[in-house]
Amino acid sequence: YDTYGFPLEMTRDIAADSGFTVDEAGFQAEMAQQRERARAAHSFANATREAALESDIGVAETPFVGYTQLDYETTVLTILRDGKAIPELPHGETGSLVLEGTPFYAEMGGQVGDTGSALINGKDYRILDTTKDSAGRFLHKIEGELRDIKGKTVFLSVDEERRKAIERHHSATHIL
């Protein structure tokens with residue numbers, strides 16, 4: 001169940017068809033233990049990585065302005081790849097920008113993250129996705145050659161048509 005998400009109800013039905021029963025109390029006890037092991041491992045890894053990252057870039061949380069602005073001027077704090085701050089992003093590779101502020105909605109609560117564009121040093125880049133780490137930093141997935149951009153101004157623009165379509169679908173999902 002934990003690895004593949006196979007439902008307990010189906011396990012119960014299949015077992016019953018073959019004349020077996022499922023130890024549901026034992027299953028629940030094992031699931032509780034596994035959740036605790038996963039939570040402890042995840043918390044430790046995240047806390048260690050995020051503490052190191054916060055000291056690297058000096059920011060704990062990204063201010064979000066996207067409820068009132070879809071175009072926004074801000075500053076690049078760092079580029080991340082594989083959870084680590086890097087000085088540059090080679091051509092053809094993907095990484096994430098951490099910015100002083102953002103209008104990009106990050107994936108959360110079942111709603112996908114925004115896409116759009118970022119104008120840096122006169123060059124237009126595509127923001128492929130936006131996520132948020134557990135410390136509240138918005139991570140703007142980007143591809144392309146990025147050099148000497150820390151502290152540079154970036155002009156952001158959210159794909160408004162896509163944002164509105166996502167909002168409609170997300171709201172419809174809640175209604176259902």
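Computed from a predicted structure; not experimentally measured.
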Measuring only between side-chain heavy atoms, which start at C-beta, is [X] closer than 4.5 Å to [Y]?
X    : Y    : value
T153 : E73  : yes
L99  : T75  : no
E107 : T130 : no
L97  : I120 : yes
K132 : M108 : yes
L89  : R81  : yes
Y105 : F64  : yes
K152 : N121 : yes

Measure across [X] and [Y] and return the closest heavy-atom pair with its distance rounded to 0.1 Å.
X    : Y    : result
V154 : A118 : CG2-CB, 3.8 Å
D114 : I127 : O-CG2, 4.4 Å
A85  : T78  : CB-OG1, 3.6 Å
G92  : E143 : O-OE2, 3.3 Å
L8   : E24  : CD2-OE1, 4.0 Å
A15  : V22  : CB-CG2, 3.9 Å

Can a donor-acceptor pair be found, under 3.5 Å and without considering hydrogens, that links the side chain of R126 to the backbone of G116?
yes

Would you check if the side chain of R163 reaches a backbone N or O of G66 as a donor-acceptor pair within less than 3.5 Å?
yes

Could you tell me whether [X] and [Y] make a salt bridge, using a distance below 4.0 angstrom between a side-chain N and a carboxylate O?
X    : Y    : value
R137 : E61  : no
E145 : K123 : no
R162 : E160 : no

Pair L146, Y125 - check side chain to side chain contact (heavy atoms under 4.5 Å, CB included), show working.
CA-CA 10 Å; L146 296 167; Y125 295 88; 3.2 Å; yes

Taking atom CD of Q33 as the centre, report whether more than 12 heavy atoms of other residues, nucleotides or ligands fall under 6.0 Å from it.
yes

Identified side-chain hydrogen bond (donor to acceptor under 3.5 Å, both in side chains) partner of H140 from the options T115, T131, D129, T102
T102

Chi angles and distances behind the side-chain hydrogen bond (donor to acceptor under 3.5 Å, both in side chains) call for D71, S157:
CA-CA 4 Å; D71 297 310; S157 184; 2.7 Å; yes

Quick check on the hydrophobic clustering: are L128 and V112 connected, directly or via other members, by side-chain heavy-atom contacts under 4.5 Å?
no

Is there a path of hydrophobic side-chain contacts, each under 4.5 Å between heavy atoms of I/L/V/M/F/W/Y residues, joining L156 to L119?
no

Out of curiosity, E88 CD to K150 NZ, how far, rounded to the nearest 0.5 Å?
13.5 Å

Compute the centroid of each ring, for F104 and then for F138, and state whether the two points are separated by less than 6.0 Å.
no

Please walk me through it: do L80 and I86 pass side chain to side chain contact (heavy atoms under 4.5 Å, CB included)?
CA-CA 6 Å; L80 299 179; I86 58 174; over 6 Å; no

